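Pasting a structure here, questions to come.
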Number of protein chains: 2
Amino acid sequence: MSKKTEAVTRRVDPEEAAFLRDYRPADFPRPSVTVDVAAFSVLDAELRVLLVKRGGHPFKGAWALPGGFVRVGDGHRDQGEDLDAAATRELEEETGLRASDVYLEQLGAFGKAARDPRMRVITVAYYALIRPDLVPLVRGGGDAAAADWLSVNALRPADMAFDHHGIVTQAARRMAERVSSSSIASSLVTKTFTIPELRHVYAILTGKPQDPGNFRRKFERMVEEGIIEQAPGKRITASKPALVYRFLPEKTEHECRRR
Amino acid sequence: MSKKTEAVTRRVDPEEAAFLRDYRPADFPRPSVTVDVAAFSVLDAELRVLLVKRGGHPFKGAWALPGGFVRVGDGHRDQGEDLDAAATRELEEETGLRASDVYLEQLGAFGKAARDPRMRVITVAYYALIRPDLVPLVRGGGDAAAADWLSVNALRPADMAFDHHGIVTQAARRMAERVSSSSIASSLVTKTFTIPELRHVYAILTGKPQDPGNFRRKFERMVEEGIIEQAPGKRITASKPALVYRFLPEKTEHECRRR
DNA sequence: TTAATAGTGTCTGTAAGACACTATGAT
DNA sequence: ATCATAGTGTCTTACAGACACTATTAA
């Protein structure tokens with residue numbers, strides 16, 4: 001994950017090695033660091049996000065994003081897990097879904113001083129896109145009293161814990177921007193889909209109705225570019241059956257890009 | 001700053017108040033958290049970034065982004081400074097520039113486990129755009145042995161500390177994407193500027209030459225939209241003098257957006 | 001007068017938006 | 001037959017890229 005940032009591999013000279021051996025971190029106060037994951041899906045023609053109901057204080061009974069502490073080692077020998085790995089782990093723990101089936105991208109760090117009344121917590125927020133056919137497989141995970149897919153438009157800030165309402169709002173906006181200029185919509189439709197089905201997803205994400213004719217042109221361009229191909233079979237609908245398509249596996253890594 | 005994330009103001013019920021009074025954070029290991037600022041400017045027709053030469057181990061003698069620890073309070077009474085505030089403070093300490101003169105935006109969190117050989121450090125990276133006429137005012141700050149504006153294209157990964165090369169690269173790419181769809185270029189030209197001057201900035205940021213005629217059309221559109229207006233006077237050049245323009249103060253807050 | 005750069009006009013292709021239209025299958 | 005929805009065609013406008021061209025000033 002995060003292939004963009006090259007690994008820190010280098011030769012350490014003897015002087016530096018000695019420095020590192022003798023290094024003792026000063027005991028400045030440190031913040032707690034968490035990852036929170038806004039997992040989106042499109043269900044019943046609505047954009048929804050997976051939230052868990054908090055069972056304990058603070059914000060008892062409010063809805064919160066699934067998340068947890070980043071595992072930090074106890075020295076410079078064991079330094080713990082990457083941020084991306086932490087997000088992947090939380091997602092798997094909380095949903096049971098494999099990270100390879102999911103689009104996951106970092107949104108950014110949120111660190112207002114009083115966002116958690118207990119102590120200083122800085123959170124690194126991610127957003128994930130879950131194909132709707134995987135949603136039934138999601139099993140409520142871990143310590144949450146309850147989990148549910150809530151409609152993003154119906155979320156009330158007062159019902160949400162911490163600054164999570166703001167995070168969800170930002171994530172949804174980012175997704176809408178991104179969906180027009182990439183093929184991340186592939187992570188929000190079933191493996192095979194019809195043109196109207198994909199159009200509906202676009203309409204929900206952008207919040208604007210999509211013209212059938214115009215969308216079809218965009219769609220055909222994607223087919224020509226090799227992003228989409230036709231799949232065998234037809235989708236039976238209430239009226240005329242529709243042709244079925246699928247996304248081709250992308251050449252570019254699509255997991256955990258930062259932007 | 002960060003107007004997008006609404007403040008966490010809420011009524012705390014008595015039960016929760018008691019919980020918070022008695023709350024003692026468990027002593028899980030915590031990472032250190034820093035902010036790093038990639039401050040860009042355009043000098044001598046090159047995109048440059050402000051780097052400081054490390055005076056101590058690790059990566060002694062390598063170039064690093066200016067940055068430092070986020071100030072964290074010592075309890076839930078004093079929780080320290082926001083991330084945005086930390087970035088602003090670092091920028092001011094390191095350059096002497098006022099944050100109001102600078103475009104500053106969060107890039108994201110970087111948290112590979114071994115990015116700092118001493119201990120686990122998660123950094124929140126920001127990028128800043130500095131108007132070239134402010135660059136002479138920059139005074140080397142604080143603890144750095146030396147600071148310089150290095151050409152981004154000429155940076156060699158091996159000469160740079162930690163994962164800072166990757167951060168600079170990502171920041172430069174993000175800037176190039178953003179510049180076409182917003183007016184952040186206003187933070188990379190002098191207060192008044194000519195059409196060719198702005199065109200050169202665009203050419204440098206995008207890495208592609210900009211056609212005079214086509215750029216002029218885009219420019220005229222910005223004038224019509226009220227983003228730019230003509231300023232009095234003319235710019236004396238080696239040949240024909242050029243008309244001078246200025247950006248109008250934006251209606252939208254442009255400080256510290258997250259994206 | 002000439003070099004250099006500011007600034008103008010025009011042609012082309014691509015894509016978006018609006019919208020009228022045809023085709024096909026379930027009932 | 002007819003209704004609902006899949007799918008098609010076309011007109012207009014906007015913008016990007018390429019490029020030939022004119023205008024104005026310093027030297």
Side-chain angles (χ1 to χ4, degrees), chain A residues 42 44-45 176-183 185 189-190 192-247, chain B residues 42 44-45 176-183 185 189-190 192-247:
Chain A
V42 173
D44 306 327
E177 287 173 7
R178 201 65 56 85
V179 88
S180 329
S181 63
S182 78
S183 60
V189 288
T190 50
T192 63
F193 53 89
T194 66
I195 299 181
E197 280 167 5
L198 188 63
R199 197 183 63 212
H200 282 130
V201 169
Y202 271 72
I204 288 160
L205 293 186
T206 61
K208 293 168 191 165
Q210 299 289 312
D211 180 88
N214 300 335
F215 187 84
R216 160 166 284 272
R217 267 186 321 207
K218 189 149 71 179
F219 192 96
E220 279 165 352
R221 229 174 290 134
M222 288 197 273
V223 173
E224 278 162 22
E225 288 167 15
I227 300 171
I228 292 174
E229 70 172 4
Q230 202 183 331
K234 295 191 173 190
R235 178 84 84 249
I236 304 303
T237 71
S239 63
K240 176 179 175 180
L243 291 176
V244 166
Y245 298 83
R246 70 166 82 98
F247 278 93
Chain B
V42 173
D44 307 326
E177 287 173 7
R178 201 64 57 86
V179 88
S180 330
S181 63
S182 79
S183 59
V189 288
T190 51
T192 63
F193 53 90
T194 66
I195 299 181
E197 281 168 5
L198 188 63
R199 196 183 65 219
H200 282 130
V201 169
Y202 269 72
I204 288 159
L205 292 186
T206 60
K208 293 168 192 166
Q210 298 289 310
D211 179 88
N214 300 335
F215 187 83
R216 158 166 286 270
R217 267 186 321 206
K218 189 150 69 179
F219 192 96
E220 280 165 352
R221 231 172 289 136
M222 287 197 274
V223 173
E224 280 162 20
E225 289 168 14
I227 299 171
I228 293 174
E229 68 173 4
Q230 202 182 330
K234 294 190 174 190
R235 177 84 83 249
I236 304 302
T237 70
S239 64
K240 176 180 174 180
L243 291 176
V244 166
Y245 298 83
R246 69 165 83 97
F247 278 93

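In the text below, chain A, chain B and the rest are named by the order of the sequence lines, each starting its count at 1. For clarity, every value in this text was computed on a predicted model and none was experimentally measured.
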Could you work out, with side-chain contact (heavy atoms from CB on, under 4.5 Å) as the rule, every residue matching A/D211, not counting sequence neighbours? A/N214

Those residues that, when tested against A/A176, pass side-chain contact (heavy atoms from CB on, under 4.5 Å) (two or more places apart): none

To the nearest angstrom, how far is A/R199 atom CZ from D/dA6 atom C1'? 9 Å

A/R217: what forms a salt bridge (charged side-chain N to carboxylate O under 4.0 Å, His left out) with it, not counting sequence neighbours?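 A/R217 satisfies salt bridge (charged side-chain N to carboxylate O under 4.0 Å, His left out) with no residue once adjacent residues are dropped.
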
Could you name each residue pair satisfying side chain to side chain donor-acceptor pair (under 3.5 Å) that touches residues 231-241 of chain B, not counting sequence neighbours? B/E197-B/R235

Side chain to side chain donor-acceptor pair (under 3.5 Å) involving B/T206 - partner list, sequence neighbours excluded: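 With neighbours one apart ignored, the set is B/Q210.
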
Per-nucleotide protein contact string for nucleotides 22-27 of chain D, where B marks a base within reach and S marks sugar-phosphate only (heavy atoms under 4.0 Å, - for neither): -BBBS-

Separation of D/dT5 P from A/E197 CD (nearest whole Å):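 One finds 14 Å between P of D/dT5 and CD of A/E197, rounded.
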
Which letter, B, S or -, goes with each nucleotide of nucleotides 12-21 of chain D from 5' to 3', with contact meaning a protein heavy atom under 4.0 Å? ---SBBBB--

Could you tell me the separation between the CZ atom of B/F215 and the P atom of C/dG7, rounded to a whole number of Å? 12 Å

For residues B/L198 and B/M222, determine if any side-chain heavy atom of one lies less than 4.5 Å from a side-chain heavy atom of the other.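 Side chain of B/L198 against side chain of B/M222, heavy atoms only: contact under 4.5 Å found.
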
Residue list, salt bridge (charged side-chain N to carboxylate O under 4.0 Å, His left out) with B/R221, at least two apart or on another chain: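 Applying salt bridge (charged side-chain N to carboxylate O under 4.0 Å, His left out) to B/R221 gives none.
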
Under the ring-ring contact (aromatic ring centres under 6.0 Å, His included) rule, what pairs show up with a residue in residues 207-230 of chain A, not counting sequence neighbours?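 Those involving residues 207-230 of chain A are A/Y202-A/F215, A/F219-A/Y245.
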
